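Index from 1, following the sequence. The structure presented is a predicted model; accordingly, all values stated were derived computationally and were not measured.
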Amino acid sequence: MSGCQPQPLSEQPSPLAQQQTVSGPDVPANAIWRAYFALGEKAIQPDKVNATGFACRFPTGEKKTTYLVTVLHAAEERETPFTELDEVERIRQSIRTIGATEAYGASDSMKVIGMMADPPTDQLSDESSILYDVALVEPGKVGMKAFGLAAAPVTVDSKVYLATAVYGGAPASQTTHEAKITAVNPDGTIAYRFVNERLSLQAADGAPLLDESGEVVGMHVHADEATDGVAGVGISMPDYWKRYTESLDS
């Protein structure tokens, strides 16, 4: 039907998909979400699926704070992240409502969630940074099952697992998708290549990257079209949170 968004695959997996050994950490129910933004006077459009989000517990002193984490560039349906503070301030002022639906289809009801936390501008204000594209959203009264944050960043050659329901290249029931870290950069970005070279990364921006114990080591920001196979660029979430807490303390 014209104007409809593609739906996650529901047919039987291909012979190639059936031959692949699927491994990875467990993904609890209500941990992975689709994120939606309404700008200005516009309402949320649930038929436009542009991004993924995930619930994560962040250490704040003796307590832990849970946020829904996603990518800010999904608010404007962009394919590239925000990297400048003036862009971030403009789009944040335009956002009126943030919603979420459970990613794996346990419930298709739209949940209106809270507002965003401030970005770590004191640590980034003099530079362009992909870290500006992180959106931390208060979950409000929505029951979200949160992942823990890994204590240390990933290293090159580490295995990571993208956690989301994909739109092609794997069964809809598959919860994680293995990748290998190919670069860890001083600016907090990471690069990785997926084992499954048929994987679709449509609407995967904002999905968590988990280590083998199921803790969050990164967030997928966008596909890397310049690399052979299926590859991605993401943000190291332990590095991001370090900058975030330093910003709060300054």
Side-chain angles (χ1 to χ4, degrees), residues 1-10 27-56 65-82 87-119 130-147 162-168 172 175 200-209 216 218-223 232 234-235 237 240:
M1 184 180 296
S2 176
C4 289
Q5 291 290 312
Q7 297 299 312
L9 295 179
S10 58
V27 176
N30 297 321
I32 308 296
W33 297 78
R34 300 298 191 192
Y36 303 83
F37 296 86
L39 304 183
E41 300 303 318
K42 295 181 179 180
I44 288 176
Q45 301 181 54
D47 60 327
K48 290 189 174 182
V49 183
N50 299 310
T52 299
F54 62 98
C56 185
T65 301
T66 295
Y67 289 109
L68 176 75
V69 189
T70 188
V71 287
L72 191 56
H73 69 261
E76 282 194 333
E77 302 179 28
R78 290 170 43 143
E79 295 183 358
T80 56
F82 290 111
E87 290 183 310
V88 171
E89 291 177 339
R90 174 184 60 79
I91 195 64
R92 288 171 65 91
Q93 291 173 3
S94 300
I95 295 172
R96 293 293 178 266
T97 309
I98 304 172
T101 58
E102 203 277 331
Y104 296 107
S107 171
D108 59 0
S109 62
M110 179 69 66
K111 312 290 187 182
V112 176
I113 54 180
M115 296 308 296
M116 289 189 296
D118 292 330
I130 194 175
L131 302 188
Y132 280 132
D133 202 49
V134 178
L136 301 179
V137 186
E138 298 172 358
K141 296 181 179 180
V142 178
M144 295 185 175
K145 182 68 174 180
F147 295 104
L162 179 80
T164 190
V166 298
Y167 279 76
T175 57
S200 168
L201 296 179
Q202 178 185 347
D205 294 7
L209 297 167
V216 174
M219 178 178 70
H220 174 72
V221 177
H222 63 86
I235 290 171
M237 290 308 296
Y240 173 84

Measure from the side-chain N and O atoms of [X] to the backbone N and O of [Y], and report whether any donor-acceptor pair falls under 3.5 Å.
| X | Y | answer |
| --- | --- | --- |
| Asp205 | Ala74 | no |
| Tyr104 | Thr164 | yes |
| Thr70 | Thr52 | yes |

Would you say that [X] contacts [Y] through its side chain, given a criterion of any heavy-atom pair below 4.5 Å between the two side chains?
| X | Y | answer |
| --- | --- | --- |
| Glu102 | Asn30 | yes |
| Val134 | Val221 | no |
| Ile95 | Leu72 | yes |
| Tyr132 | Pro81 | no |
| Leu136 | Val69 | yes |
| Met116 | Val137 | yes |
| Lys111 | Trp33 | yes |

Look up atom [atom1] in [X] and atom [atom2] in [Y], then write down how far apart they are to the nearest 0.5 Å.
| X | Y | atom1 | atom2 | answer |
| --- | --- | --- | --- | --- |
| Arg78 | Asn50 | CZ | CG | 13.0 Å |
| Arg90 | Glu76 | CZ | CD | 4.0 Å |
| Ile32 | Lys145 | CD1 | NZ | 13.0 Å |
| Glu41 | Thr97 | CD | OG1 | 9.5 Å |
| Met115 | Arg96 | CE | CZ | 8.0 Å |
| Phe147 | Leu209 | CZ | CG | 11.0 Å |

If you compare all heavy atoms of [X] against all heavy atoms of [Y], which two are closest, and at what distance to 0.1 Å?
| X | Y | answer |
| --- | --- | --- |
| Leu68 | Gly53 | CD1-C, 3.9 Å |
| Ala38 | Ala43 | CB-C, 3.8 Å |
| Lys48 | Glu77 | CD-OE2, 3.7 Å |
| Phe82 | Glu87 | CD2-CB, 3.6 Å |
| Ala203 | Arg34 | O-NH1, 3.3 Å |
| Ala204 | His220 | O-CD2, 3.4 Å |

Give the C-alpha distance, both sets of side-chain angles, the deciding distance and a yes or no for side chain to side chain contact (heavy atoms under 4.5 Å, CB included) between Ile91 and Phe37.
CA-CA 10 Å; Ile91 195 64; Phe37 296 86; over 6 Å; no
